[in-house]
Every structure is written in structure tokens, then in C-alpha cells.
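So the structure is just underneath, and the comments pick up after that.
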Amino acid sequence: MVSLLSPQDALIATMILMSAADRNMSDKELREISATVDLLPVFEGYDRAQIGRVAEAVTQLLDDEDGLATLLGLIDQATPEPLRETVYAIACDIAAADGEVLLEEARLLEMIRHALKVERLAAAAIERGSRARHMRA
């Protein structure tokens, strides 16, 4: 992966990483990624062709022994301060998209929170909001 990610690439990488956390990229998670790119203002003007390239790079990095740490470092470097909570919120939404957050996903969310230095109280609020958005009747 190119060491210089755009902030949008970092968001895409985070969503792909979260989706792959349980070793199963569900259709719901993939739809959530697509909807996120379509709806959020941070992606205005983003070249959707980049999504495949970023996904391929994430997959290759995760095959390396220290790939997860490297990827989290790249995401951290590419994410400006005002977008750190946004990245965490998007990660939470991807984790919650298929109705439950598995242990592997919860651990990865914690790693992302630490890498991006999102405060615990802010993270709890973000997590609760994500849970509320993905509730089923």
C-alpha cells in the first residue's frame, strides 16, 4: 500500500478492515460501505475506482505478519484530527451492519480507537449511536 493515503482512502481502508475482521465480508457490510461512500460529504469527489485498489492493498497488508499494525499506522497518519471520530464512527457502523458485533470486531474497534486516539467517552457515545442506527424491530 502506498504510504501516503488520502483521508478518504483511510476511511475506505478502515471499512474494509472492519468488514474482514470476522473473516466474512457480509453482503450487509458491503452495502454499508457502498452507502457510506455514496452518502457522506467526506467522500464528495472521491474516485470510486480507488475502492478496489485500497481493498486489494488492505488484503495484501493483512497477509503480512505485522500487516495489521502497519495498516493501523497508515490509517492514523492519513487521518486528520477532525476526521478521527468520523473514522471510528464508520468502523462502528460497519461492525454493526450485520446485526451483531462479534468479539473479533470489538477487539478491532478497540485497536482502531487506540490508534486514532479517540477518547473512551466519545467512543462510547459513537458506539451507542451506531447500535441505535442498526437496531431491528
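This chain uses plain numbering: 1 for the first residue, then up along the sequence. Computed from a predicted model, the values in this text were never measured in an experiment.
- The heavy-atom pair separating Asp9 from Tyr46 by the smallest distance is OD1-OH, 2.7 Å.
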Verdict with reasoning, Met15 to Glu32, per side-chain contact (heavy atoms from CB on, under 4.5 Å)
CA-CA 9 Å; Met15 290 189 287; Glu32 184 79 21; over 6 Å; no
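- Here the CG atom belonging to Leu116 is positioned 10.0 Å from the OH atom belonging to Tyr88, to the nearest 0.5 angstrom.
- One distance of note links CD1 of Ile16 with CG of Leu11; it measures 11.5 Å at 0.5 Å rounding.
- The two residues Phe43 and Gln8 have their closest heavy-atom pair at CE2-O, 3.7 Å.
- To the nearest 0.5 Å, the span separating CZ on Arg107 from CE on Met111 amounts to 10.5 Å.
- Between Arg113 and Arg120, some side-chain heavy-atom pair lies under the 4.5 Å cut-off.
- When the shell of 6.0 Å around CD of Glu104 is examined, it contains more than 12 heavy atoms from other residues, nucleotides or ligands.
- A salt bridge does not link Arg53 with Glu56: none of the charged nitrogens is closer than 4.0 Å to a carboxylate oxygen.
- Salt-bridge check for Arg31 with Asp38: failed, with every basic side-chain N at 4.0 Å or more from each acidic carboxylate O.
- Proximity of Thr79 to Thr86: side-chain heavy atoms (C-beta onward) are nowhere separated by under 4.5 Å.
- Side-chain contact between Glu100 and Glu105 is absent, with no heavy atoms from C-beta onward closer than 4.5 Å.
- Across all their heavy atoms, Arg84 and Ala115 have their closest contact at NH1-O, 3.9 Å.
- Annotation for Arg133: atom CZ counts as buried by contact number, over 12 foreign heavy atoms lying within 6.0 Å.
- Residues Leu109 and Cys92 come closest through the heavy atom pair CD2-N, 3.8 Å.
- The minimum heavy-atom distance between Ala97 and Arg136, with the atom names listed, is O-NH2, 3.4 Å.
- The neighbour count for Leu121 CG, taken as heavy atoms of other residues, nucleotides or ligands under 6.0 Å away, does not exceed 12.
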Using the rule given for side-chain contact (heavy atoms from CB on, under 4.5 Å), can you reason through Ile90 versus Leu40, listing the C-alpha separation, both sets of side-chain angles and the distance that settles it, and then say yes or no?
CA-CA 10 Å; Ile90 288 172; Leu40 290 186; 3.5 Å; yes
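- Contact annotation: the side chain of Thr14 never approaches that of Ile94 to less than 4.5 Å [non-hydrogen atoms, C-beta and beyond].
- With Leu61 as the partner, the side-chain contact (heavy atoms from CB on, under 4.5 Å) test is satisfied by one option alone out of Leu74, Leu72, Leu68: Leu74.
- Between the Ser130 side chain and the Asp93 main chain, a donor and an acceptor come within less than 3.5 Å of each other.
- The two atoms that bring Ser34 and Arg48 nearest to each other are OG-NH2, 3.4 Å, heavy atoms only.
- Looking at Thr70 and Asp64, their side chains never come closer than 4.5 Å, going by heavy atoms from C-beta outward.
- Taken together through direct or relayed side-chain contacts under 4.5 Å among Ile, Leu, Val, Met, Phe, Trp and Tyr, Leu102 and Leu108 form parts of separate hydrophobic clusters.
- Between Lys117 and Asp76 there is a salt bridge, since at least one side-chain N of the basic residue sits less than 4.0 Å from a carboxylate O of the acidic one.
- Side chains of Ile33 and Ser19 form a contact here, defined as non-hydrogen atoms less than 4.5 Å apart.
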